[in-house]
Undergrad: 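One structure is given below, represented as structure tokens, and several questions about it will come after.
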Amino acid sequence: MEERKLKSKIDNSFLKLKSYCEAENYKGWDPYDGMNSKVFQALPFKHWDLARLAWIQGFKRSPINFRKLLLVPKEHNAKGVALFLLGYCKLYQLAQSGCEDFGTKEALLNKVKEVTSLLLSLRSKGYSGSCWGYNFDWQARRLFLFEKHTPTVVATCFSVEALLESYEITKDNSVLKETLSAADFVTQDLSRTQHDKGIIFSYSIKDGNNTVINASLLGAKILSYAYKYTKNQEHANLAKQAIIAACDLQEADGSWVYGLLAVQSWKDSFHTGFNLDAIETYQQNTGDFTFQSYIKKGTDYYLEHFFEANGMPKYYHNQTYPIDIHCPAQVIVTLSKLNVFKDNEDLLTQVLDWTVANMQHKKGYFYYQLKKGMSSKISYMRWSNAFMFNAMAHFLLETKPTIHGG
């Protein structure tokens, strides 16, 4: 009875989230979208890196949402749209299994096609292949100004995975062709740096941001998807070099720091999840399973250090706060990709139950972060809602078919 009550709670939570996101047409605010403010754009400070950084961080850290007041519009974010598409693809698969609790096959197929078209329309223009960026200018420390729609390997990888899931459902060859060209973006527009016997891909097209481990692995993930469909051995070889570098950078206990700079030396939950997902995706797409021991060691560390016994997710390996919504979302997706969801279903159910109880608003959206003091309960479409939409769709696909009709 308790299990059925919990499943019903999760179903209702997801339906509220789905209704909220669809009513908003997948548009929303983002923690980093402060420079979209029409007020800020009218000020001379927009030309000063410190002012840009302070403005963005002020929006990101404030528990009070000033976006309406300062004229920040709700917009589509490519990575967020990709996450919604991934979620709809999982719901379509669920409907195929006989469970239409979240939409009929026909209705979900229409959603897949609709969101696919939207995601393709958000591509950045003028590069070697399909690629995606964010819908806002973004100042990364004082080193980089990423102008709106500057493509990144992160946004591109999420988009590629979502569009290929869509292709597997629709068999639309035009979608496949446009998506696979992202491999050219990785090989021709991203820089890469030698690291021992491997390479590290840059985060974006800008030089000097080639120190982020998960970003490099996402580049490898894109190339492994390209290899899966084209059998271009060059793509598989480059992907493997990025995997080799990342595994060389894994510490003896199975952990990874975020990046190679001194200011990037933290260890956090969801980027660990990204790393494991990317290495496993490479293995599945290429048939090269030589990195399994690194996955096993990394997964053990991931589960042992980032989740409390009651399901509460931790951000860092050595401290809990802030509790970020990415953390409970990504563990569901990662363990599903690793095919160990069933082995950890009790933990994942506890994590999701805790998250619904503590981080979901009655309107259906999820909070960004919980802190020791005043938490940010602003609704962010990409960071919070899209990630939870995709994660909960994964959870439902993993659990629903076995209990449908029960």
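Computed over heavy atoms, backbone and side chain alike; hydrogens, waters and symmetry mates excluded. Everything numeric here is computed off the predicted structure, so don't read it as measured data.
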Undergrad: Quick check on K372: does its NZ atom have over 12 non-hydrogen neighbours (other residues, nucleotides or ligands) under 6.0 Å away?
TA: no

Undergrad: Pair S224, N285 - check side chain to side chain donor-acceptor pair (under 3.5 Å), show working.
TA: CA-CA 6 Å; S224 77; N285 287 341; 3.1 Å; yes

Undergrad: Quick check for you: to the nearest 0.5 Å, what is the distance between L217 atom CG and Y282 atom OH?
TA: 12.0 Å

Undergrad: With a 4.0 Å cut-off on N to O distance, would you call E106 and K111 a salt bridge?
TA: no

Undergrad: Taking all non-hydrogen atoms of both residues into account, name the closest pair between G103 and A95 and its distance.
TA: O-CB, 3.9 Å

Undergrad: Check K105 with E100, please: is the shortest side-chain N to carboxylate O separation under 4.0 Å?
TA: no

Undergrad: Tell me whether K68 at atom NZ has more than 12 heavy atoms from other residues, nucleotides or ligands lying less than 6.0 Å away.
TA: no

Undergrad: Report the distance from atom CG of L91 to atom CG of L397, rounding to the nearest 0.5 Å.
TA: 8.5 Å

Undergrad: Should the ring pair Y365 and Y367 be called parallel, tilted or perpendicular, given that the plane angle runs from 0 to 90° and is split at 30 and 60?
TA: perpendicular

Undergrad: Should the heavy atoms of other residues, nucleotides or ligands under 6.0 Å from NZ of K296 be counted, would the total exceed 12?
TA: no

Undergrad: Provide the closest heavy-atom pair for N358 versus L370 in the form atom of the first, atom of the second, distance.
TA: O-CD1, 3.8 Å

Undergrad: Is atom NZ of K377 surrounded by more than 12 heavy atoms (other residues, nucleotides or ligands) closer than 6.0 Å?
TA: no

Undergrad: Count the heavy atoms belonging to other residues, nucleotides or ligands that lie under 6.0 Å from CD of Q292, then report whether that count exceeds 12.
TA: yes

Undergrad: Check for me whether the distance between the ring centres of F389 and Y20 falls short of 6.0 Å.
TA: no

Undergrad: Between D248, N210, T211, which is the residue that forms a side-chain hydrogen bond (donor to acceptor under 3.5 Å, both in side chains) with H195?
TA: D248

Undergrad: Among K342, K90, E398, whose side-chain hydrogen bond (donor to acceptor under 3.5 Å, both in side chains) with S336 holds?
TA: E398

Undergrad: May I ask you to decide whether D172 forms a salt bridge with K113, counting only side-chain N to carboxylate O separations under 4.0 Å?
TA: no

Undergrad: Between F102 and F14, what is the ring plane arrangement, given parallel below 30°, perpendicular above 60°, and tilted in between?
TA: perpendicular

Undergrad: With rounding to the nearest 0.5 Å, note down the distance linking NZ in K148 to CG in D33.
TA: 10.0 Å

Undergrad: R52 and D137: salt bridge (charged side-chain N to carboxylate O under 4.0 Å, His left out), yes or no, with the steps?
TA: CA-CA 9 Å; R52 293 193 297 261; D137 294 344; over 6 Å; no

Undergrad: Are the ring centres of Y380 and W29 closer than 6.0 Å?
TA: no

Undergrad: Would you sort out whether Y302 and F307 count as a ring pair (Phe, Tyr, Trp, His ring centres under 6.0 Å), showing the intermediate values?
TA: CA-CA 8 Å; Y302 187 31; F307 305 94; 5.7 Å; yes

Undergrad: Parallel, tilted or perpendicular: which fits the ring planes of F136 and Y32, with parallel below 30° and perpendicular above 60°?
TA: parallel

Undergrad: Establish, for the pair K267 and W256, whether the NZ or CZ atom is under 6.0 angstrom from the six-membered ring centre and no further than 45 degrees off its axis.
TA: no

Undergrad: Check K5, K7, K9 against D353 for a salt bridge (Lys or Arg N to Asp or Glu O under 4.0 Å) and give me the one that passes.
TA: K9

Undergrad: Are L260 and I200 side-chain neighbours, meaning at least one heavy-atom pair lies under 4.5 Å?
TA: yes

Undergrad: Give the minimum heavy-atom separation between F395 and T349, together with the two atoms involved.
TA: CZ-OG1, 3.6 Å

Undergrad: Does any N or O in the side chain of Q360 come within less than 3.5 Å of the main-chain N or O of G364, such that one atom is a donor and the other an acceptor?
TA: yes

Undergrad: Establish, yes or no, whether the cationic atom of R382 lies under 6.0 Å from the six-membered ring centre of Y134 and within 45° of the ring axis.
TA: yes

Undergrad: Taking atom NZ as the centre, does K197 end up with more than 12 heavy-atom neighbours from other residues, nucleotides or ligands that are less than 6.0 angstrom away?
TA: no

Undergrad: Take E24 and K74 through the salt bridge (charged side-chain N to carboxylate O under 4.0 Å, His left out) test and state the conclusion after the steps.
TA: CA-CA 9 Å; E24 295 287 327; K74 291 183 178 181; 3.1 Å; yes

Undergrad: Taking the inter-plane angle between the rings of Y229 and Y167 on a 0 to 90° scale, is it parallel (under 30°), tilted (30 to 60°) or perpendicular (over 60°)?
TA: perpendicular

Undergrad: If I compare all heavy atoms of A236 with all of Y227, which pair ends up nearest, and what's the gap?
TA: CB-CD1, 3.6 Å

Undergrad: Which atom pair, heavy atoms only, marks the closest approach of E178 to S130?
TA: O-OG, 2.6 Å

